[in-house]
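In what follows, every chain begins at residue 1, and chains take the letters A, B, ... in the order their sequences are listed.
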2 protein chains.
Amino acid sequence: ELLESVIAFFQPKLLAGRKVVLTAGPTFEAIDPVRGITNSSSGKMGYALARACARAGAEVVLVSGPVALPAPVGVRRVAVQSALEMRDAVFANLSGASIFIGVAAVADYRPLKAAEHKVKKSGDTMQLTLTLNPDILAEVAALPEPPFCVGFAAESRELDTYAQGKRVAKRLPLLVGNLVQDGLGGDDNEVVLYDENGRYPLGRSSKAELAKRIVDHLAALLNGGAQREE
Amino acid sequence: ELLESVIAFFQPKLLAGRKVVLTAGPTFEAIDPVRGITNSSSGKMGYALARACARAGAEVVLVSGPVALPAPVGVRRVAVQSALEMRDAVFANLSGASIFIGVAAVADYRPLKAAEHKVKKSGDTMQLTLTLNPDILAEVAALPEPPFCVGFAAESRELDTYAQGKRVAKRLPLLVGNLVQDGLGGDDNEVVLYDENGRYPLGRSSKAELAKRIVDHLAALLNGGAQREE
């Protein structure tokens, strides 16, 4: 905590007085008490961003799916499992927030009905009916007076097309794109920022360093300053 | 490593000269490059057992699904994702093993076909066709000259019925049963041992202590000694 205080002390307070709500990690959509649908998000990028926001002076609420990471110092963590729980936790904490960052890899679909008891295997195949989950980021961005919304897109191909498409469709001022093969689970990543002025490849770096640069970029957009050089 | 050596030095070498193959953790059955079906196994019980076997003098191969735990000292870890990969790794390492312990929460079903690229959401519902995974423990136990096989059963109810049923159906000399609500993800658990002589509740304890007592019990059965008092 002391080290963290020293590091934070020397950071420019780009987000001073701002409240940031972030989501991070995967969601876990129960099939029964032990099984579920999830994804391979480690939560590292979201946690790095939460830490970077806290160091930049923001009040930070981190709504986190199940991950094996400690809560960053100075960040309030709300632990959730499913997308529905994540949405509830986001909206319960959104009051007064000027920034919302959706890093979580929210499961698009959940089983239509979770079984109360462990399902016994029977038969060679099984049909699972899935139903669409809420799109938390799109819901927040569609509020009458939305916070500044930042999205993430992890794609396995055609990053520019999917990422800019997602940014425009959800009306996000800023979107961070990456290829899953570049970053998933590791400590490094390679991301590209997309805003209404264009694309800004940040190159390969540690998730901590990328988080800091994302915060710089978002603060510049938010504070209405000139676009920083990347 | 020094501490581990000292602890191991003072343990009775109940499994000296034995090779143990264990499975631990969940499996991850890909739906596409980012999504999949998994379960809530933390891997803690399997890793504790691997450590206890190593301390008892065994050569240990730990075939592990995706977990956030370091490999125990003196244990050779083989990392896998899916049930099919886990089965391959088990059979590739089974030669010379006198004990097989299936702790992994292997997914019963996997998607019939994993998509090569991330599936885009479309439509309010989605049908997922699942196909039965191999039962690794049953396959090992059904070998002409099987190693001494230990199974695990995590149930949400009727533990005695399901656990003894599973033990008899798969012809296991020893099965460890627990209720998911007692142990999942935590550092403690409450388990019951089932063998052909009956049931032995071990009470609530740390997973490390339970692992040691399971090794004691299994060594007593394996070494043909009189049944230890529980």
Side-chain angles (χ1 to χ4, degrees), chain A residues 26-44 66-70 81 105-112 115-133 135 138 153-159 162 165-166 179-181 183-185, chain B residues 26-44 66-70 81 105-112 115-133 135 138 153-159 162 165-166 179-181 183-185:
Chain A
T27 63
F28 183 86
E29 310 295 333
I31 296 173
D32 69 19
V34 290
R35 304 180 184 88
I37 295 178
T38 188
N39 54 66
S40 340
S41 171
S42 65
K44 287 179 183 173
V67 297
L69 298 171
Q81 291 278 324
V106 180
D108 293 332
Y109 292 89
R110 66 178 183 278
L112 193 57
E116 190 188 348
H117 290 291
K118 187 174 170 183
V119 177
K120 292 291 160 190
K121 59 183 166 190
S122 60
D124 287 348
T125 63
M126 185 177 138
Q127 288 290 328
L128 198 59
T129 303
L130 307 177
T131 185
L132 204 57
N133 261 330
D135 185 329
E155 301 295 341
S156 63
R157 56 176 174 173
E158 295 178 54
L159 179 59
Y162 284 130
K166 184 171 176 177
L179 288 168
V180 287
Q181 49 273 42
L184 209 67
Chain B
T27 63
F28 184 85
E29 310 294 334
I31 296 173
D32 69 17
V34 290
R35 303 180 184 89
I37 294 179
T38 190
N39 55 66
S40 340
S41 170
S42 65
K44 287 179 183 173
V67 298
L69 298 171
Q81 292 278 322
V106 180
D108 292 333
Y109 293 90
R110 66 177 181 278
L112 193 58
E116 190 188 346
H117 290 290
K118 187 174 171 183
V119 177
K120 293 288 158 190
K121 60 182 165 191
S122 59
D124 287 348
T125 63
M126 184 176 138
Q127 288 290 329
L128 198 59
T129 303
L130 307 177
T131 186
L132 203 57
N133 261 331
D135 185 329
E155 302 294 342
S156 64
R157 56 175 174 175
E158 295 179 53
L159 179 58
Y162 284 129
K166 183 171 178 178
L179 289 168
V180 288
Q181 49 272 43
L184 209 67

Any side-chain heavy atom of [X] sitting closer than 4.5 Å to one from [Y]?
{"X": "B:Phe28", "Y": "A:Thr38", "result": "yes"}
{"X": "A:Thr125", "Y": "B:Leu132", "result": "no"}
{"X": "B:Arg35", "Y": "A:Asp108", "result": "yes"}
{"X": "A:Thr129", "Y": "B:Gln127", "result": "yes"}

Query raised in the report: When heavy-atom pairs shorter than 4.5 Å are enumerated against chain B, which of A:Ala68, A:Gly36, A:Pro26 gives the highest number?
Result: A:Gly36
Query raised in the report: Nearest 0.5 Å, what's the CE-CG distance between B:Met126 and A:Leu128?
Result: 9.0 Å
Query raised in the report: When rounded to the nearest 0.5 angstrom, what is the spacing between CG in B:Asp124 and OH in A:Tyr109?
Result: 7.5 Å
**Report entry** Pairs of heavy atoms under 4.5 Å with chain A: top-ranked of B:Ile37, B:Asn39, B:Leu130
**Finding:** B:Leu130
